[in-house]
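One structure is given below, encoded as structure tokens.
Just so we're on the same page: letters track the sequence lines, and every chain starts at 1.
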Amino acid sequence: MKIQFYNSLTNRHEEFTPLEPGKVSMYSCGPTVYDFAHIGNFRSFLFGDLLRRFFELTGHDVHHVMNITDVGHMVEGEADKMMEAANRVKVNKKSGRVPEGAIENPEDPYQIADFYTQAFLEDARRLGYKVAYEYPQNVPKATDHVEGADGMIGMIQKLLERGHAYIADDGVVYYSVESFPEYGKLSGNSLEKIQSNAGGRVSEENQSRKKHPGDFMLWKPDQHHIMKWDSPWGVGYPGWHIECSVMARSIIGRDVIDIHTGGEDLIFPHHECEIAQSCGATGQDRFANFWIHARFLFVENEKMSKSLGNFYTARDVFDGKVKVADENTGGLIEMGRSVHPAVLRFELIKSHYRTNMNFTAKGLIDSAQTIDRMVEFRQSLEDKIADDGGTVEVDLSHPVLGEFTAMLADDLNVSGALGVMLPWIKGDHRDPRMSLAVLKKMNSVLSVAPINEGIVNAAEELESESDVAEFEQAQQWANEMDTARKDKDWPTSDAFRDKIHAAGFEVQQTPEGSRIKRKLSV
RNA sequence: GGCGUCGUAGCCAAGUGGCUAAGGCAGCGGAUUGCAAAUCCGCCAUCGCGGGUUCGACUCCCGCCGACGCCUCCA
């Protein structure tokens, strides 16, 4: 099967061939842990997850690594991010978003980072982000890789030795972009064309100390930085870009990896700098063969931002805080019903990673419908084969599964793959064992029906005691509804149906009586 | 200014130089139903605009318009 992706490095679709047959090494830029991760973060992360799962479906042994950025990074002229986070924690504690006792000392950056790291892992696991289950071995923290020969300090030393870095008048260690002729290849910029400070974020004072305006910081001596380490260049902290170069190399154990992923905004400067650092340190002509970037997510046709009120963390969505138009007033209200993680996952992966996806409440409801159908379909297959429980194996030679996979092999065409899967679900399933085997393979990539299949018992992880109690209550109403229906007492029956709906369940009439199921959203 | 992605029905979204332009949601009509829901059957687009190439373009080329991202915080 021909596998191809759009490679940001060359700006074209290229056939993918792993460096080692049957093995794929992937590195994804992970979250900063100063706050809860939002749905835009997860759009990018889940795209990486989809890619990883696709490779596994096609028989590859995947080593996927994603970092946790837990070093506070000084933005020139602004407060340290970790300090900002400390202040935010204090506010969040008051509002209850950060539970009492979760962070004993808001002044301790390690406690803050640790709290948000755990919160991230929890969200990521609920969303079926596989690598989050491989913490900590494949989810390294930047703070664990500062020191040592294999750490950031070691790589910076190497860069100094090889003439790719220098120490400026003020003691700051900079990477010299002029020492690396390939600088700019990924972003399509050349040193001449990079308009210095087009984004208006660089202070003039620092620029004057550099040999070239494009030079970027590797180490900054600073006694006052909230997180600091000893180094040959004084006590201070590492630059933002160096951590990914170091962790990719040390965890994956290769100088050159197959695939590097991230959000499109990371292309410049972050990934450009990673390439310069890694190649500068290893002497290789490349860092990753494929650079694959996910586009930004929009919310209700606008850029997601806190000021527009359309900024959602993953847990905001789970908790039903997505705003929808109120039918009566036309204003915006919170949808109020919790959203199943499978629905959010599906919503975030169902459109192509390289298009601007528009996250909407309507789309979320759409996704809930689709997930519902998939789950129902799976249930019907399992019911049919319940008697003898035999299973069969299926491989990609199966026509439907083969077509599904071929779609994904073409630059991760999820929509195309769903265009194969959904009509197939509607079709005739005379061999339920085979159909279930096919569905399981599809679900090993989509991971929505159910989520996290094969990793954990999702039902155990996701169903709280109160969920179970609610379900039992609704079931009881359904039973009473059946009794009323037998007596043709329609008003009573309808009243129970209303109660069931109001509690967040749907009720279906079947030959065996009323059957309830939880609504996946709204 | 530089670099890049994109523009397909009410919405989401595939795809192809020429058979009927996937699929989903919503909607409409019908079956079913105590009424609904669920389910089933049916209906529902000429592909941003203007040129060009071609026997033939939504698909290739040129121009234009528009959207979006990056150009040292950002997934």
Side-chain angles (χ1 to χ4, degrees), chain A residues 6 8 11 28-32 34 37-48 73-79 81 84 177 184 186-190 192-203 206-207 213-217 239-241 261-273 293-298 301 303-305 347 350-360 362-363 365-370 372-373 376 407 410 413-426 485 488-491 493-494 497-498 500-501 506-510 514-515 517:
Chain A
Y6 184 89
S8 303
N11 286 331
S28 300
C29 284
T32 49
Y34 316 116
H38 57 69
I39 56 176
N41 299 128
F42 278 113
R43 192 298 225 242
S44 163
F45 298 148
L46 291 179
F47 139 72
H73 286 292
M74 183 70 87
V75 181
E76 296 178 72
E78 289 176 35
K81 283 200 154 187
E84 287 179 12
V177 293
L186 176 66
S187 57
N189 284 320
S190 65
E192 301 76 54
K193 284 181 187 165
I194 292 172
Q195 199 171 332
S196 181
N197 198 22
R201 303 172 189 161
V202 184
S203 83
N206 286 330
Q207 286 302 75
D215 292 350
F216 55 91
M217 188 187 97
W240 169 45
H241 312 299
T261 72
E264 59 173 338
D265 56 320
L266 296 181
I267 292 172
F268 192 93
H270 185 54
H271 288 164
E272 197 75 76
C273 296
H293 294 96
R295 292 213 59 175
F296 261 49
L297 170 90
F298 273 54
N301 285 313
K303 198 168 176 176
M304 181 165 69
S305 75
E347 176 66 12
K350 75 180 181 186
S351 48
H352 190 86
Y353 70 90
R354 220 151 29 72
T355 62
N356 252 343
M357 88 154 278
N358 189 21
F359 180 90
T360 60
K362 186 177 184 299
I365 294 164
D366 263 28
S367 290
Q369 291 273 10
T370 306
D372 197 44
R373 268 181 56 194
E376 287 281 310
M407 285 294 178
D410 181 12
N413 184 350
V414 185
S415 301
L418 291 170
V420 173
M421 181 183 184
L422 294 170
W424 169 74
I425 287 179
K426 267 191 174 177
R485 281 170 55 78
K488 298 202 188 301
D489 179 359
W490 309 127
S493 168
D494 289 350
R497 181 161 64 200
D498 288 345
I500 292 168
H501 283 178
E506 292 181 55
V507 57
Q508 290 177 5
Q509 301 310 326
T510 71
S514 298
R515 174 171 162 245
K517 64 178 184 186

Pull out every protein N or O sitting under 3.5 Å from an N or O of nucleotides 40-48 of chain B, one pair per line with the distance.
none

How many Å lie between [atom1] on [X] and [atom2] on [N], as a whole number?
{"X": "A:R295", "N": "B:rC3", "atom1": "CZ", "atom2": "P", "result": "17 Å"}
{"X": "A:N301", "N": "B:rC6", "atom1": "CG", "atom2": "P", "result": "19 Å"}
{"X": "A:E506", "N": "B:rA36", "atom1": "CD", "atom2": "C1'", "result": "12 Å"}
{"X": "A:M304", "N": "B:rG69", "atom1": "CE", "atom2": "P", "result": "13 Å"}
{"X": "A:N358", "N": "B:rC6", "atom1": "CG", "atom2": "C1'", "result": "14 Å"}

Set of salt bridge (charged side-chain N to carboxylate O under 4.0 Å, His left out) partners for A:K517, sequence neighbours left out: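 Counting only residues at least two positions away or on another chain, A:K517 forms a salt bridge (charged side-chain N to carboxylate O under 4.0 Å, His left out) with A:D372, A:E376.
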Is any side-chain nitrogen or oxygen of [X] closer than 4.0 Å to OP1 or OP2 of [N]?
{"X": "A:T32", "N": "B:rA75", "result": "yes"}
{"X": "A:K350", "N": "B:rA14", "result": "no"}
{"X": "A:N413", "N": "B:rG15", "result": "yes"}

So, the side chain of A:D494 versus the backbone of A:P491: is there a donor-acceptor pair under 3.5 Å, distance only?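 Side chain of A:D494 to backbone of A:P491: no pair is present.
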If the [atom1] atom of [N] is compared with that of [M], how far apart are they to the nearest Å?
{"N": "B:rA37", "M": "B:rU32", "atom1": "C1'", "result": "12 Å"}
{"N": "B:rA9", "M": "B:rA14", "atom1": "P", "result": "13 Å"}
{"N": "B:rA57", "M": "B:rC47", "atom1": "P", "result": "13 Å"}
{"N": "B:rA21", "M": "B:rC3", "atom1": "P", "result": "39 Å"}

According to the Watson-Crick and G-U wobble definitions, with both distances under 3.5 Å, which nucleotide is paired to [N]?
{"N": "B:rU32", "result": "none"}
{"N": "B:rC19", "result": "none"}
{"N": "B:rU59", "result": "none"}
{"N": "B:rC43", "result": "B:rG27"}
{"N": "B:rG69", "result": "B:rC3"}
{"N": "B:rU54", "result": "none"}

Check: A:R354 side chain, B:rU5 base, donor-acceptor under 3.5 Å: no
What about A:R515: does its side chain form a donor-acceptor pair under 3.5 Å with the base of B:rA38? no
No-hydrogen, no-angle side-chain donor-acceptor test under 3.5 Å, A:S514 and A:Q509: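 A donor-acceptor contact under 3.5 Å links the two side chains.
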Check whether the side chains of A:H38 and A:N41 place a donor and an acceptor atom closer than 3.5 Å, and report yes or no.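 Yes, A:N41 and A:H38 have a side-chain donor paired with an acceptor closer than 3.5 Å.
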Going by the angle between their ring planes, with limits at 30° and 60°, are A:F216 and A:H241 parallel, tilted or perpendicular?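 The arrangement is perpendicular - the two ring planes meet at more than 60°.
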Base, sugar-phosphate, or nothing: which does A:H38 touch, judged by heavy atoms less than 4.0 Å apart?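 Base, at least one base heavy atom under 4.0 Å.
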Ring pair (Phe, Tyr, Trp, His ring centres under 6.0 Å) filter on A:Y6, not counting sequence neighbours, yields A:H13
